Amino acid sequence: MRIVTATAVTLALVGAAAPAATAHQPATDGIWRTDGYGTVLSIRNGTLREYQTTAASCIAGDTAQRTGPGAYTTPDGTVLTVRIRGDRDHASVRLDGDVGERNLRRITELPDACTRSTPGGPLASFDVFWQSFEENYPFFAAKGIDWHAVRDRYRPTLHEGTTPDELFAVFSKMVEPLHDAHVAVRDLDGDGDGDGEPDRSFAQVRPGTVQPDGKLDARVKKFVVERDLKDARNLQDFAAGRITYADLPGGQGYLRISGFGGYVGGKAPYAAELAELDRALDTVLGQERTRHLKGLVIDLRINGGGSDAMGLHIAGRLTDTPYLAYSKRARNDPADPTRHTRPQPLYVTPAQGPRYTGPVAVLTGGSTVSAGETFTQALMDRPGRTVRIGQPTQGVFSDVMVRKLPNGMSVWLPNEELLTRSGRTYDGTGIPPHLTEPVFTPEEFDQNRDSAFDRAVKVLRD
């Protein structure tokens, strides 16, 4: 799952000229509002501070310290890069490991709500919770949800004596009908122990699908190795076991990717994760192997997501021709869910060195989530033969906004759409396969079958 922050109300930009930067004051210093994401950034004296805004609130978010020209690093190691674009009143911010960038517009001062404290009671927390979805969530219409009716139903049930347990239950009931795996309600200190760990959370996947986790991944990996790869050669694990490769008896290759990150262990910088990925790909798709490979099975059926940029990086090893992977847009008007930022095109660029451009079979299912899906989408227009086999993916493509609530809880929600070349999105439904086969059902396990894998090998052989 990809986690970022986001913008809110469209405030009129003040036309006064910004003061000129001095030798000791970077041009990016000042107050900035993002296009399409509910966020204001304050950059002063080497510190970047985030403010999460709605029409009714402003809550201080994360901070980052300057670690290089235009670079700011958060306490958890995330790097943000801020650059002036065109003139001093326009800039962009990019998160290391994310795709695309967010546009910034300079404003003269913080919104008024950011200069006063936010009430912390249950009603104020409800209002920030509801407003955050109202201004940013793109899919109410597609899911048939009247969010205003949800407010009218639940807000009258609250009062200043509502307990945290009761409020958490209300929030969970409000978002349950969305069936969105990128929506979560979290209580960081529900037991009052002050350890900063989420003591309870509510999240769910699309009905009929299973959220990938370590236990499921281990079970499926063991099944695949013992059943599908029993006669394979050169079986190897890479990237802390999240990438597996084997040469199949018929001359095809098998590449299993269970996530786009977590390759090094701990909270490693994106550069270290990318270097580990390249070490794996240099071995898996080396010149000698790609010269003789007759087909490649890419197994994403248990994939919990991670970095979209890593998916584009892998796709660059599978083409000799640049092409559009997808375009990204975000909601851009708190009062109008039909208005978005200008779609930002993201491309697959051929990698340096050996590449494989032959036939590919991509295995997907309901446990193909988030970055696993954006990688699947990045292969849809891949030059050359590419076939998808299995079941539809989960149906969640956006980065995840983390919104703090006044009472210490937080909520995760998406605010973006990823568009195909024709302008279509697959949010909610997931990307469908070309060829439908069962994926890790109880019957498949009980009868020692892997219909999707067998179909992929046959398709690549024919």
Side-chain angles (χ1 to χ4, degrees), residues 1 3 5-9 37-40 50-62 111-141 143-205 207 211 331 334-335 337 400-415:
M1 182 177 290
I3 302 174
T5 51
T7 148
V9 253
Y37 297 78
T39 302
V40 170
E50 170 205 35
Y51 292 89
Q52 301 174 0
T53 63
T54 73
S57 64
C58 176
I59 298 177
D62 296 331
D112 288 343
C114 299
T115 63
R116 57 180 183 266
S117 60
T118 302
L123 293 174
S125 295
F126 179 96
D127 290 341
V128 174
F129 179 91
W130 184 87
Q131 196 72 31
S132 295
F133 279 89
E134 168 71 4
E135 295 184 6
N136 295 289
Y137 191 72
F139 310 121
F140 287 127
K143 294 175 182 286
I145 302 296
D146 183 342
W147 192 237
H148 289 251
V150 172
R151 177 193 58 194
D152 295 343
R153 175 183 178 185
Y154 286 103
R155 197 179 192 283
T157 69
L158 304 179
H159 51 82
E160 288 306 320
T162 297
T163 67
D165 288 347
E166 292 169 336
L167 188 61
F168 182 86
V170 166
F171 289 160
S172 301
K173 290 176 184 176
M174 290 172 68
V175 299
E176 183 177 6
L178 298 176
H179 297 294
D180 191 321
H182 271 177
V183 170
V185 182
R186 307 182 88 205
D187 190 351
L188 296 182
D189 195 26
D191 58 7
D193 62 6
D195 63 1
E197 293 297 319
D199 297 307
R200 55 185 169 183
S201 63
F202 174 85
Q204 61 180 357
V205 293
Q211 176 69 39
R331 278 199 55 181
V400 177
M401 297 171 58
V402 179
R403 303 276 90 173
K404 295 182 178 181
L405 302 180
N407 66 344
M409 294 182 190
S410 66
V411 59
W412 295 5
L413 69 154
N415 73 315

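What you see is a predicted model, and the numbers here were worked out from it, not measured in a lab.
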Let's go through Arg403 and Val128 carefully: what are the C-alpha distance in whole Å and the side-chain angles of both, what is the deciding distance for side chain to side chain contact (heavy atoms under 4.5 Å, CB included) to 0.1 Å, and is it a yes or a no? CA-CA 9 Å; Arg403 303 276 90 173; Val128 174; over 6 Å; no
Would Asp127 and Arg151 pass as an ion pair if we require N to O under 4.0 Å? no
Are side-chain heavy atoms of Met174 and Arg153 found at a separation under 4.5 Å? no
Hey, can you tell me if Tyr137 and Phe139 have their rings parallel, tilted or perpendicular (30° and 60° cut-offs)? perpendicular
Salt-bridge contact Asp165-Arg200 (side-chain N to carboxylate O under 4.0 Å): yes
How far apart are the closest heavy atoms of Ile145 and Val150, and which atoms are they? CG2-CG2, 4.3 Å
Assess the residue pair Arg155 and Leu123 against the criterion (side chain to side chain contact (heavy atoms under 4.5 Å, CB included)); give the C-alpha distance rounded to whole Å, side-chain angles, the decisive distance to 0.1 Å, and a yes or no. CA-CA 8 Å; Arg155 197 179 192 283; Leu123 293 174; 3.8 Å; yes
Separation between OG (Ser57) and OH (Tyr51), nearest 0.5 Å, reads 14.0 Å
Quick check: closest heavy atoms across Asn415 and Pro138, and the distance to 0.1 Å? C-CG, 3.6 Å
When rounded to the nearest 0.5 angstrom, what is the spacing between CG in Leu167 and OG in Ser172? 9.5 Å
Keeping the roles fixed (side chain from Glu50, backbone from Asp62), state whether a donor-acceptor pair exists under 3.5 Å. yes
Between the CZ atom in Phe202 and the CZ atom in Phe171, the distance rounded to the nearest 0.5 Å is 13.5 Å
Show your reasoning for whether side chain to side chain contact (heavy atoms under 4.5 Å, CB included) applies to Val175 and Asp180. CA-CA 8 Å; Val175 299; Asp180 191 321; over 6 Å; no
At what distance, to the nearest 0.5 angstrom, does CD of Glu135 lie from CH2 of Trp130? 8.5 Å
Ignoring hydrogens and geometry, is there a side-chain-to-backbone donor-acceptor pair from Gln131 to Ala55 under 3.5 Å? no
Give a yes or no answer on whether the side chain of Glu160 reaches the backbone of Gly121 with a donor-acceptor pair at less than 3.5 Å. no
Students often mix this up, so state it plainly: with edges at 30° and 60°, are the rings of Phe140 and Trp147 parallel, tilted or perpendicular? parallel
In the structure I gave you, are the side-chain heavy atoms of Lys143 and Pro177 within less than 4.5 Å of one another anywhere? no
Using atom types as modelled and distance alone, determine if a side-chain donor or acceptor of Thr118 lies under 3.5 Å from a backbone N or O of Cys58. yes
Decide yes or no for Asn136 and Arg331: does some side-chain heavy atom of the first lie under 4.5 Å from some side-chain heavy atom of the second? no
Quick check against the 3.5 Å criterion: does Ser125 have a side-chain atom that pairs as donor or acceptor with the backbone of Asn407? yes
